4 protein chains.
Amino acid sequence: MAYQRSALMQERLAENRQRILASARQLVARGGFRAASINAVAEVSGLSTGAIYRYFPSKSALFIEVLSSAVRHECDILLAIVDGDGSAGERLRAAVESFARRALQGPHLAYAFIAEPADPEVEAARILCRREFSDVFKRVLRQGIASGEFPKQSVDVSAACVVGAFTEALVRPTEHSARRRQDKALVGAIVDFCERAVTGTA
Amino acid sequence: MAYQRSALMQERLAENRQRILASARQLVARGGFRAASINAVAEVSGLSTGAIYRYFPSKSALFIEVLSSAVRHECDILLAIVDGDGSAGERLRAAVESFARRALQGPHLAYAFIAEPADPEVEAARILCRREFSDVFKRVLRQGIASGEFPKQSVDVSAACVVGAFTEALVRPTEHSARRRQDKALVGAIVDFCERAVTGTA
Amino acid sequence: MAYQRSALMQERLAENRQRILASARQLVARGGFRAASINAVAEVSGLSTGAIYRYFPSKSALFIEVLSSAVRHECDILLAIVDGDGSAGERLRAAVESFARRALQGPHLAYAFIAEPADPEVEAARILCRREFSDVFKRVLRQGIASGEFPKQSVDVSAACVVGAFTEALVRPTEHSARRRQDKALVGAIVDFCERAVTGTA
Amino acid sequence: MAYQRSALMQERLAENRQRILASARQLVARGGFRAASINAVAEVSGLSTGAIYRYFPSKSALFIEVLSSAVRHECDILLAIVDGDGSAGERLRAAVESFARRALQGPHLAYAFIAEPADPEVEAARILCRREFSDVFKRVLRQGIASGEFPKQSVDVSAACVVGAFTEALVRPTEHSARRRQDKALVGAIVDFCERAVTGTA
DNA sequence: CATGAATGAGAATTCATTCAT
DNA sequence: TATGAATGAATTCTCATTCAT
């Protein structure tokens, strides 16, 4: 009986933890870090402020995890594409397109990835996250250069540039109007840009 | 006499205004938006907190102007390059290089340009600023496409991508070590990336 | 069987109660009242926070008992000395010396005895504890005065003064350096002081 | 005109600072450190919470000043007595009596002097304060020993003991009943105790 | 009975903005 | 007009106590 209770409890604990993370992510996505106070996170997640501190030792720690888990999830998807089939150019295009499509659905989270944070601790985490992102692109860049498909270039710089390019192009004033058409064209243009930048061919 | 005093006054008012803007810019560049409280701005500019509110109706308004005036200054420099002599590709390279060199000397201001602001009002301004930046690059892109030097592409998207690419590549953990050599290589790699991206040639 | 289980139960209950008291005492001795939160007590005693409230109705009640049991233990030792053999002066010296030696080994508990408590309830208990302490010394004072060994004096006041004198002299910034020598001299000086104070002879 | 305004302002600032200190002292005296929250200090002193932080950088800093200013004031009075006329014994008696009389009028402040503080910073200050107190008594002890009026003894220890003795004797459950008579007797007994302790004569 | 997750009031501290002088 | 002291709401974090399991 004690065991079962424990199992149920653990499930609920894990659920609460996820709910807190989801609430924090949601708040950041909607209103930026400013809108994501501990009180707001508590309210959205249906817990008390004190409960948040049972799951995370500080506000910084919570948002570091929000950031890094979002990035990890994104990176996993991109890695599967980048390590998949096709030429280096095809895989690069697919990865950029995949990222861009998702970013357009939750546009404000892209902000958070490049936002100046309130706290030096979060700042450090943010830089690591950006690096993780560009690491994914370094893989395909290296492969493309090795196979002669891409011209010689600084892998580090090009990877950062690629990340910066589509990030910037995706950041827009939050217009909640219908924009499917434009979105498709936007994604296409971004993908083209990145391919040209990396391959050096139109 | 009343007229002269008024003239002197106006001069001093304009001077104060500039001093406030410069102080705010300096504080943001050194410590980010967090370090730029109204009190800090007042202290650095040698005025009182109350005086700040004579010149700017709110903190948001002040930082909106800090942002836009910094961007305007940068844009003026870039415009001179972009509207100067040489092929479209040469001018694009020169503009990117010029921006990158300056950014590497005061690296933290680059953060501010892409920083998540405290206030929705500033947020809106920030997006306009980014647009102003990319407007400069749109000019040279249009010219290059018109002359057949660049392949057909979305001018809007490519301009944003170029801005994002070098911005991201320039943002690094503030390493205060000697890095002249690396800086030169970094700028070169960025410029190459952007040229390839836009011209489609290695 | 029900009886036996009950007996075993009662034993375990008593054991838990003692463990809680010991844990609380330990925490106060090491880090003061600040460090002695209910959660910390629960952790050290190997019980849950809720369990603490099975044995003590409130935090105040727990620490009141910590205080009074520590004092009772100390008083028992002192009483054995005070009611032992020798002249009143010898017994007073022995009691003071005994207390001082023990206090120097666990110096922080002396703080707790004179510490300002978090709670008026504990405050009241603390005063009673001090009174209990001085009651021990009143015994030997009365005896010494009756036998003519000590001059006439207010037994109440002198007892309190004696307690205060050695308490104060024993409270020092926690220097963890070797100090055996100094300790011996310190104890000697304290004992001398108290003897002079009570006997009126050098 | 600017000068006069400044003068008035400075006066008011100094007044506020004193009011804050007085409010904090009052709150500690009445209800201990626990009752002296920043909000309470603000309310009693008729200022806002934020205003407190214009005068003191932190709660700790405020209470360190409360403590040390109270001690300094007390020490000044005692020093005047100790460095005055009369034999060493007479001056010691006078100093103890003077302290005791005042302490009996604001009995809880004596607690604060020996209270375990919330903050390590305040703790450090408290220890220094106690030392300052006993330093005053060291003076008269040294003089008395040098002149042969007092027997040889550890000046450090005896001074601490004297402070501890009267401090302890003065600490009582806060009985707000009339007690003038008892007070007089109490002070007398304390003074006698200390004299005997130091002189070794009844 | 035991557990320990949850509560929520309360603490210290910050800072954009106002307004008496 | 300039000053800068004062405001007070908001923020992060703590911890004694409760209660569903």
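Every chain is numbered from 1, with letters handed out A, B, ... down the list of sequences. Computed from a prediction, not measured in an experiment: that's the story for all the values here.
Between B/Asn39 and A/Ser60, it is B/Asn39 whose nearest contact on DNA chain F lies nearer the 5' terminus. Between C/Gly46 and A/Arg12, the residue anchored closer to the 5' end of DNA chain E is C/Gly46, taking for each the nucleotide with the nearest heavy atom. The residue among D/Ser48 and A/Ile38 whose nearest nucleotide of DNA chain F is located toward the 5' end is D/Ser48.
Within the shown strands, E/dT21 is the pairing partner of F/dA2 under the Watson-Crick or G-U definition, both distances less than 3.5 Å. Here F/dA10 sits opposite E/dT13 as a Watson-Crick or G-U wobble pair (both hydrogen-bonding atom distances under 3.5 Å).
Separating the CZ atom of C/Arg34 from the P atom of E/dA11 is a distance of 11 Å, rounded to the nearest angstrom. If you take CD1 of A/Ile52 and P of E/dA6, they are 10 Å apart, rounded to a whole angstrom. Going from atom CG of A/Leu13 over to atom C1' of F/dT21 covers 12 Å, rounded to whole Å. Here the P atom of nucleotide F/dA6 and the CG atom of D/Leu47 are 6 Å apart, to the nearest Å. Between the CZ atom of C/Arg54 and the P atom of F/dT18 there is a distance of 12 Å, given to the nearest Å. As rounded to whole Å, 17 Å separates atom P of F/dT21 from atom CD of A/Gln10. With rounding to whole Å, B/Leu27 atom CG is found 13 Å from E/dC15 atom P. In this structure, the NZ atom of A/Lys59 is 21 Å from the P atom of E/dA12, given to the nearest Å.
Side-chain to base pairing of C/Ser37 with F/dA16: no donor and acceptor N or O lie closer than 3.5 Å to each other.
Side-chain contact between B/Arg25 and B/Ser69 is present, with at least one heavy-atom pair separated by less than 4.5 Å. In this structure the side chain of C/Tyr55 reaches within 4.5 angstrom of the side chain of C/Leu13, judged on heavy atoms. Contact check for B/Leu128 versus B/Val71: no side-chain heavy atoms found under the 4.5 Å cut-off.
When atom types are taken as modelled, the side chain of D/Arg19 and the backbone of D/Ser45 share a donor-acceptor pair closer than 3.5 angstrom.
Comparing the P positions of F/dT21 and E/dC1 gives an interatomic distance of 22 Å, to the nearest angstrom.
Taking the charged nitrogens against the carboxylate oxygens, C/Glu65 and C/Arg17 do have a contact shorter than 4.0 Å, which makes a salt bridge.
For the pair C/Asn16 and E/dC1, the criterion of a side-chain N or O lying under 4.0 Å from OP1 or OP2 is not met.
Nearest to the side chain of A/Thr49, among E/dA9, E/dT17, E/dC1, sits E/dA9. Distance from the side chain of A/Ser58 is smallest for F/dC13 among the nucleotides E/dT13, F/dC13, E/dG4. Of the candidates E/dT13, E/dT17, E/dT7, the closest approach to any side-chain atom of D/Tyr53 belongs to E/dT13.
Among the heavy atoms of the strands lying under 4.0 Å from A/Tyr55 are primed sugar atoms or P, OP1, OP2 only; no base atom is included.
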